[in-house]
Amino acid sequence: MRKCSLKGRRMRSRIPVILLACGSFNPTTNMHMRLFELARDHLHQTVLPVEVAYIPRFPGRYEVIEGIMSPVSDNYGKKGLVSARHRVAMAKLALETSDWIRVDPWESQQDTWTETVKVLRHHYNEALRAFQSKKELMRNKHPTENSAEDSLSCQQPVLPELKLLCGADFLQTFKTPNLWKEEDIKEIVEKFGLVCISRAGSDPSQLIQESDLLSKFQHNIFLVREWIQNEISATQIRCALCRGLSVKYLIPDAVIAYIAQHSLYTATRAACCSLSGCTAQQ
Amino acid sequence: MSKLDKEVSHEQSQAGLMEEKYGFQFDLEILSSAYWQHKGWYLAPAFCTWLRMAMEDPDRRTEVVLLACGSFNPITNMHLRLFELAKDYFHETGKYKVIKGIISPVGDAYKKKGLISANHRVTMAKLATKNSDWVEVDDWESCQSEWLETLKVLRYHHQKLLSAGVTNSLQDAGPITKLGRKRKQEPNSHEPIKKKNQSQAVKSVPQVKLLCGSDMLESFGIPNLWKLEDITEIVEKHGLVCISRAGNNVQKFIYESDILWRHKDNIHLVEEWIPNDISSTRIRRALRRGQSVRYLVPDGVRAYIERHGLYSADSEGSNAGVPLAPLQKHLPEPSQPLSS
């Protein structure tokens with residue numbers, strides 16, 4: 001990103017943000033990776049004061065420093081879920097060309113299914129640990145000249161924030177009775193934060209208004225509109241693969257090659273969707 | 001013709017009639033299970049195999065080349081998907097075999113607003129198709145100094161295949177008798193099983209079909225944009241493959257046009273189940289706003305755009321106020337409406 005020429009602006013440090021996406025990633029698709037890109041763009045353009053909001057490349061309030069893809073463990077029990085080993089490998093291949101998003105296998109390696117809030121806590125603790133060791137490092141170093149390049153190096157490192165990256169459908173699940181514990185939802189939106197990507201037609205802000213809890217923490221729920229429609233559902237990908245149809249340009253080439261190499265998603269017809277037309281709703 | 005051959009062709013023609021009557025394509029398995037009920041369990045597997053052989057025998061399938069004309073300003077994953085969807089569609093019919101895909105970016109003389117130099121657009125398309133073993137880029141159209149009608153591009157590629165076909169048939173003179181051997185067929189494999197002693201027929205020239213989205217098809221209705229006789233020749237002599245989203249108006253559009261309706265057999269409608277609206281316009285908009293286009297266009301294309309600083313507010317303003325080339329060209333003659 002080009003640095004802004006306003007000197008005053010440069011001195012103010014941005015809050016580092018780590019984006020965490022949980023899901024099956026069965027397999028990882030171009031859309032999964034788009035979510036990260038959209039979220040990063042949005043957070044980078046989130047500024048105070050609001051007058052400068054539309055200046056492109058204006059340094060925003062946040063700086064997204066990392067993206068983490070966390071595939072769910074096998075005992076999630078979802079239909080058609082291939083082994084975590086494969087899903088992690090495919091995510092790695094998909095993220096080969098990305099310099100800021102990585103896949104973390106921690107959740108997939110747990111014996112039992114891990115609640116989202118626990119995954120958030122784990123990764124936050126890891127980030128905290130890294131932050132504290134960085135702080136130690138800086139305390140022990142001799143103070144150096146302020147680098148013109150890095151606005152953060154002249155100040156103390158800022159505590160990073162970890163935000164959950166999700167689709168609007170995830171936000172919907174908060175309404176499902178008995179699915180979530182109230183205190184977990186509170187922890188997610190209060191302590192961490194949500195970056196919620198919704199497609200062009202829908203608007204989840206009403207959902208937030210309808211919930212006392214969510215509207216209380218709406219400053220920590222970032223709604224991102226995806227204007228370029230690109231709804232590549234993994235379910236449809238699996239269906240297409242099952243039927244021998246092409247999925248090129250929907251998922252990365254390296255993932256296609258991996259799937260072919262390991263004969264994934266070639267289950268018998270019985271496990272696949274109905275024959276006459278894919279109306280995959282899962 | 002053996003008795004089973006007769007049965008196969010009878011069932012195929014029945015399938016064809018059913019297709020016309022009910023408007024959908026018979027799935028091989030549904031057909032064979034119907035046969036199963038009809039003729040008895042001992043014939044069904046044989047019937048299955050025979051039908052598969054008949055349908056997948058490459059010598060019986062018409063060869064098709066898909067030609068996509070457009071600005072490709074820039075090329076996106078959506079453009080590339082059109083090819084994949086069309087290929088799958090033709091393959092599933094069992095009657096066609098797609099042998100090549102051609103991307104033909106329009107020349108600069110098209111004068112569309114925001115159109116950047118053909119050099120860049122061709123290069124990006126080439127980068128995008130680097131990892132494809134059947135889709136290629138042809139820069140003939142882009143090299144022309146004047147804008148060319150789409151029909152002329154179709155004719156050019158048809159002629160090119162004709163000459164290539166003549167050359168090929170001169171090289172392998174005479175029919176070749178191939179000794180058949182039954183290969184084990186894996187599920188989902190599309191490898192044909194060659195019949196014994198089948199002579200290789202002299203190959204007919206592949207059909208060149210225009211590949212497009214519903215927007216291009218519906219642009220047939222824009223006054224003065226297309227010549228009526230061009231549209232007629234496209235659908236009559238070549239054919240159209242139109243990829244569109246579920247719930248579109250394309251069928252209605254075809255219904256309302258006499259010419260399109262008359263040749264509707266040569267207009268193949270392919271429904272795209274995975275919503276994919278990655279238009280070049282949106283890509284350019286995102287780039288102007290400093291937003292990421294990763295995973296919407298191939299990585300090589302994205303890197304090229306970044307390296308050369310393509311697509312700014314300035315580039316979007318090019319050709320502003322300049323009438324589109326086809327509108328300039330067709331203006332003197334009054335155009336006949338497409339739908340009566």
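The model shown is predicted, which means the values in this text are computed figures rather than measured ones. Within every chain, numbering begins at 1; the chains are lettered A, B, ... in the order of the sequence lines, protein sequences first and strands thereafter.
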Task: Stepwise side-chain contact (heavy atoms from CB on, under 4.5 Å) test for A/Ser233 and B/Trp273 - done: CA-CA 10 Å; A/Ser233 95; B/Trp273 291 104; over 6 Å; no

TODO: Sort by residue number and list every member of residues 299-316 of chain B having a non-hydrogen atom under 4.5 Å from chain A.
DONE: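 The list, in residue order, reads B/Asp299.
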
Open item on the list: Just to be sure I understand the criterion: a residue of residues 21-39 of chain A counts if one of its heavy atoms is under 4.5 Å from a heavy atom of chain B. Which ones qualify?
Closed with: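 Hits under 4.5 Å: A/Asn30, A/Met33, A/Arg34, A/Glu37.
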
Distance in Å, [X] [atom1] paired with [Y] [atom2], rounded so as to fall on 0.5 Å steps:
| X | Y | atom1 | atom2 | result |
| --- | --- | --- | --- | --- |
| B/Gln291 | A/His44 | CD | NE2 | 12.5 Å |
| B/Ile274 | A/Leu245 | CD1 | CG | 9.5 Å |
| A/Ile232 | B/Ile278 | CD1 | CD1 | 6.0 Å |

Under the 3.5 angstrom rule, does the side chain of [X] hit a backbone N or O of [Y] as a donor-acceptor pair?
| X | Y | value |
| --- | --- | --- |
| B/Asp277 | A/Ile228 | no |
| B/Arg81 | A/Tyr249 | no |
| A/Asp41 | B/Ser292 | yes |

Task: Heavy-atom check, side chain of A/Arg243 versus side chain of B/Asp88, under 4.5 Å - done: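 A side-chain contact is absent here, since even the closest heavy-atom pair is not under 4.5 Å.
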
Task: Within 6.0 angstrom of A/Lys248 NZ, more than 12 heavy atoms from elsewhere - done: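 Yes, NZ of A/Lys248 has more than 12 neighbouring heavy atoms, counting only those of other groups under 6.0 Å.
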
Open item on the list: Is it the case that over 12 heavy atoms from other parts of the model lie below 6.0 angstrom from the CD atom of A/Glu231?
Closed with: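 Yes, CD of A/Glu231 has more than 12 neighbouring heavy atoms, counting only those of other groups under 6.0 Å.
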
Task: Worked check of side-chain contact (heavy atoms from CB on, under 4.5 Å) between A/Val247 and B/Glu84 - done: CA-CA 8 Å; A/Val247 294; B/Glu84 298 290 310; over 6 Å; no

